[in-house]
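To find a chain, count down the sequence lines: A is the first, B the second, and so on, and within it residues start at 1. These numbers come from the heavy atoms of this one structure, side chains and all, not from hydrogens, waters or symmetry mates.
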2 protein chains.
Amino acid sequence: MLARAARRIIEAERPLLEAHGVSMWAYAALTLLARGSAPTQLALAEAMGYDKSRLIKILDGLEAEGLITRSPDPTDRRARVVELTAQGRAKLAAAQADIRRMEDEVLAELSADERKTLLAVLPRL
Amino acid sequence: MLARAARRIIEAERPLLEAHGVSMWAYAALTLLARGSAPTQLALAEAMGYDKSRLIKILDGLEAEGLITRSPDPTDRRARVVELTAQGRAKLAAAQADIRRMEDEVLAELSADERKTLLAVLPRL
DNA sequence: TATTGTTATACTCTATAACTATA
DNA sequence: TATAGTTATAGAGTATAACAATA
């Protein structure tokens, strides 16, 4: 049931993200970067539950579009600090607005109590 | 959040299913066949949200292991009726028991009310 | 002509191991 | 020697179209 619900949401997200020209994983990366809790590529990959080697081409694309910057970490020159640009923040905000709208439509199928419980429970699973 | 929760459950399922020698999609097929609501291969594929051409090798495997039978539909000789064998039912029951145990452990993290609401809400999403 | 099951093929996604540069 | 980022490659998963048999 979880997988089915997740697939439904992902399918609903796909056209919205495509309209903004970002893939699902790119969107996930932007979202986590906006939180600022994953400064380095490895930390970001782990936070996303993604592989560091697969993350590279995602970041390559985002960097080429000017949505993020990669700069060497002064305290450890092996590592690279990934940061959102102003464009990146704008793109994320625009995409998030569309997705929130879609999510609100889906959640409207539930009662207020159900919505509350679902949103409280999901992060704990 | 949905995708993350679904992934967690799927990861927890993987070793259990492997111990029984069935893949995730094979398990899904067995589960739907047990309900008897998807008699033909096409109906089964649609019920699983899977592609009919990908389903073939799943069924090939299940048939080779003696867990299902494929027989021509007398009313439409293009179609094949897929049915669980006694072995198939036994295999499914054994796997389901392990998975239910795992699910109970996960759900034990929630309160009774939360469990009830979650299980009522998920099928509707 | 359309549909069921099947096969083949191309394409994407994923996992793994190696390489570099730093530590 | 170990780690962060990168690259390359092989394998699994997926999508698509074509085909034979039947409707």
Side-chain angles (χ1 to χ4, degrees), chain A residues 3-4 6-8 10-11 13-15 17-18 21-29 32-33 36-64 67-84, chain B residues 3-4 6-11 13-15 17-18 21-29 32-33 37-64 67-84:
Chain A
R4 191 170 288 265
R7 276 222 311 233
R8 176 192 168 185
I10 287 172
E11 285 310 310
E13 273 181 4
R14 195 187 306 278
L17 292 176
E18 254 172 35
V22 269
S23 73
M24 199 180 56
W25 286 112
Y27 177 74
L32 283 166
L33 287 171
S37 52
T40 162
Q41 292 190 197
L42 191 62
L44 179 58
E46 280 165 4
M48 289 169 65
Y50 208 61
D51 196 86
K52 62 170 184 165
S53 67
R54 281 185 284 155
L55 181 59
I56 308 250
K57 57 179 171 298
I58 306 281
L59 296 183
D60 286 348
L62 290 174
E63 194 177 25
L67 304 179
I68 63 165
T69 58
R70 283 194 273 202
S71 45
D73 182 344
T75 71
D76 182 346
R77 279 183 306 176
R78 292 175 304 182
R80 291 176 168 225
V81 179
V82 185
E83 283 169 308
L84 283 181
Chain B
R4 192 171 286 265
R7 276 223 311 234
R8 176 191 167 185
I9 300 292
I10 287 171
E11 284 311 309
E13 272 180 5
R14 194 187 306 280
L17 291 175
E18 253 172 35
V22 270
S23 72
M24 199 180 55
W25 287 112
Y27 178 73
L32 283 166
L33 287 172
S37 52
T40 163
Q41 292 190 194
L42 191 61
L44 180 58
E46 281 166 4
M48 288 169 66
Y50 208 60
D51 196 88
K52 62 170 185 164
S53 67
R54 281 186 283 157
L55 181 59
I56 306 254
K57 57 179 172 296
I58 306 283
L59 296 182
D60 285 349
L62 290 174
E63 194 177 26
L67 304 179
I68 63 165
T69 58
R70 282 194 273 202
S71 46
D73 183 343
T75 71
D76 181 347
R77 279 183 306 174
R78 292 173 304 180
R80 291 177 167 225
V81 178
V82 185
E83 283 169 308
L84 282 181

Visitor: Which of these nucleotides, C:dG5, D:dG5, C:dT6, is closest to any side-chain atom of A:K52?
Guide: D:dG5
Visitor: Measuring from the side chain of A:S53 (C-beta onward, heavy atoms only), which nucleotide among C:dT22, C:dA17, D:dA23 has the closest atom?
Guide: C:dA17
Visitor: Could you state the atom-to-atom distance from CZ of B:R78 to P of C:dT3 in whole Å?
Guide: 8 Å
Visitor: What are the two closest heavy atoms between A:L55 and A:Q41, and how far apart are they?
Guide: CD2-O, 3.4 Å
Visitor: What nucleic acid atoms does B:L42 come within less than 4.0 Å of, heavy atoms only: base, sugar-phosphate, or nothing?
Guide: sugar-phosphate
Visitor: Nearest heavy-atom pair of B:S23 and B:I58: which atoms, and what distance?
Guide: OG-CD1, 4.3 Å
Visitor: Could you check whether the side chain of A:R77 and the base of C:dT22 have a donor-acceptor pair of N or O atoms closer than 3.5 Å, going by distance alone?
Guide: no
Visitor: Do you know the tightest heavy-atom contact between A:A28 and A:M48?
Guide: CB-CE, 4.2 Å
Visitor: Check whether more than 12 heavy atoms from other residues, nucleotides or ligands sit under 6.0 Å from atom CZ of A:R70, and answer yes or no.
Guide: yes
Visitor: Grab the N/O contacts between the protein and nucleotides 10-14 of chain D below 3.5 Å, and write none if there aren't any.
Guide:
residue : atom : partner : partner atom : Å
D:dT14  : OP2  : B:R54   : NH1          : 3.4
D:dT14  : O5'  : B:R54   : NH1          : 3.4

Visitor: Could you check how far CG of A:D73 sits from P of C:dT22, rounded to whole Å?
Guide: 13 Å
Visitor: Under 4.0 Å, counting only non-hydrogen atoms across every strand here, what does B:D51 touch: a base, just sugar-phosphate, or nothing?
Guide: base
Visitor: Find the distance B:I56:CD1 to C:dT9:C1' and express it as a whole number of Å.
Guide: 16 Å
Visitor: Using the closest heavy atom to pick a nucleotide of DNA chain D for each, name whichever of A:D76 or A:D60 lands nearer the 5' end.
Guide: A:D76
Visitor: Would you name the heavy atoms of B:A38 and B:L33 that are closest together and state the gap between them?
Guide: O-CD2, 3.8 Å
Visitor: Tell me the interatomic distance from A:I58, atom CD1, to D:dT6, atom C1', rounded to whole angstroms.
Guide: 15 Å
Visitor: D:dT6 phosphate, OP1 or OP2: any side-chain N/O from A:R80 under 4.0 angstrom?
Guide: yes
Visitor: Flag the pair A:E11 and A:R8 as a salt bridge only when some basic side-chain nitrogen lies within less than 4.0 angstrom of an acidic carboxylate oxygen.
Guide: no
Visitor: Just to verify, what does B:T69 make a side chain to side chain contact (heavy atoms under 4.5 Å, CB included) with, not counting sequence neighbours?
Guide: B:E83, B:T85
Visitor: Separation of A:L55 atom CG from D:dA4 atom C1', in whole Å?
Guide: 12 Å
Visitor: Round to a whole Å and report the spacing from CZ of A:R70 to P of C:dA21.
Guide: 16 Å
Visitor: Please report the distance, rounded to the nearest Å, between CG in A:L62 and C1' in D:dG5.
Guide: 16 Å
Visitor: In whole Å, I'd like the distance from the CD atom of A:Q41 to the C1' atom of C:dT20.
Guide: 14 Å
Visitor: OP1 or OP2 of D:dA4 sitting under 4.0 Å from any side-chain N/O of A:T40?
Guide: no
